[in-house]
Each structure stands twice: as structure tokens, then as C-alpha cells.
Undergrad: 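Structure incoming, see below.
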Amino acid sequence: MMATTETNNTDLARAEILWKSADTLRGQIDAAEYKHVVLGLLFLKYILLKYISDSFEARCDELEAKSTASRWSPSGAPDWEHTPCVT
């Protein structure tokens with residue numbers, strides 16, 4: 001039960017830091033205008049998480065599978081085309 005309380009306190013502290021940072025970044029922009037900036041950033045984050053990171057992970061998995069199947073060429077030199085993208 002104690003861990004849940006500590007986690008909640010940590011989350012609240014992070015939320016407060018993020019809120020203060022957002023206020024500082026907003027500066028003199030009116031809150032009604034700032035929503036356009038925030039909505040744009042949220043949209044970009046959605047696109048990144050939904051499409052780009054999924055395709056990146058899939059491509060890394062594909063390259064890693066190829067590299068484990070054939071890491072070395074018959075000549076004994078490294079096969080750079082099949083090296084994993086993440087080490």
C-alpha cells in the first residue's frame with residue numbers, strides 16, 4: 001500500500017513540474033492561442049507513437065532476424081547489409 005502512495009506523490013510532483021514548465025514556455029501567449037500549439041504537439045506525438053515508432057520497431061526486428069540468420073558472408077568479411085540496427 002505504501003508503494004502506491006509514493007507512486008502517486010511522484011506522479012503529482014512530475015505533473016506539477018510539467019505544468020510549471022508549460023507555463024514558462026507559454027510566456028506571453030494568451031491561453032486561448034496556446035491551445036493551437038499544444039494540440040499540434042499532441043497530434044505530432046500521436047503520429048509518432050502510432051505510426052513511426054511501430055514501423056521503426058518492425059524494421060529493426062526484421063533486420064535483426066536477418067542478421068542472426070547470416071551474420072558473416074562466405075568470404076569471411078562482415079555482412080554489413082545484415083547487421084542489427086540496434087545493438
Side-chain angles (χ1 to χ4, degrees):
M1 188 70 173
M2 186 67 159
T4 305
T5 305
E6 289 175 8
T7 302
N8 289 341
N9 289 339
T10 303
D11 290 344
L12 289 174
R14 289 182 184 154
E16 184 178 340
I17 290 169
L18 288 172
W19 191 261
K20 286 180 182 179
S21 299
D23 280 341
T24 301
L25 290 172
R26 183 170 58 91
Q28 299 299 318
I29 299 174
D30 185 39
E33 294 297 320
Y34 189 63
K35 71 179 177 185
H36 299 294
V37 174
V38 172
L39 290 175
L41 291 173
L42 288 174
F43 175 74
L44 289 175
K45 182 178 179 183
Y46 170 77
I47 295 296
L48 175 70
L49 293 176
K50 180 73 175 172
Y51 298 106
I52 296 174
S53 66
D54 290 343
S55 63
F56 177 76
E57 290 296 325
R59 180 68 175 146
C60 283
D61 291 342
E62 178 185 328
L63 290 174
E64 191 169 339
K66 284 182 180 179
S67 73
T68 56
S70 170
R71 185 164 293 229
W72 296 92
S73 68
S75 68
D79 187 6
W80 298 114
E81 181 180 335
H82 295 123
T83 56
C85 70
V86 178
T87 58

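Sequential numbering from 1 along the given sequence is applied to the chain's residues.
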Undergrad: Calculate, to the nearest 0.5 Å, the distance between atoms CG and NZ belonging to Asp30 and Lys35 respectively.
TA: 9.5 Å
Undergrad: Consider only side-chain heavy atoms of I, L, V, M, F, W and Y, link residues closer than 4.5 Å, and tell whether Tyr46 and Leu18 are in one cluster.
TA: no
Undergrad: Considering only heavy atoms from C-beta outward, does the side chain of Asp23 approach that of Trp19 to under 4.5 Å?
TA: yes
Undergrad: Can you spot which of Leu41, Leu48, Ile47, Leu49 makes a side-chain contact (heavy atoms from CB on, under 4.5 Å) with Lys45?
TA: Leu49
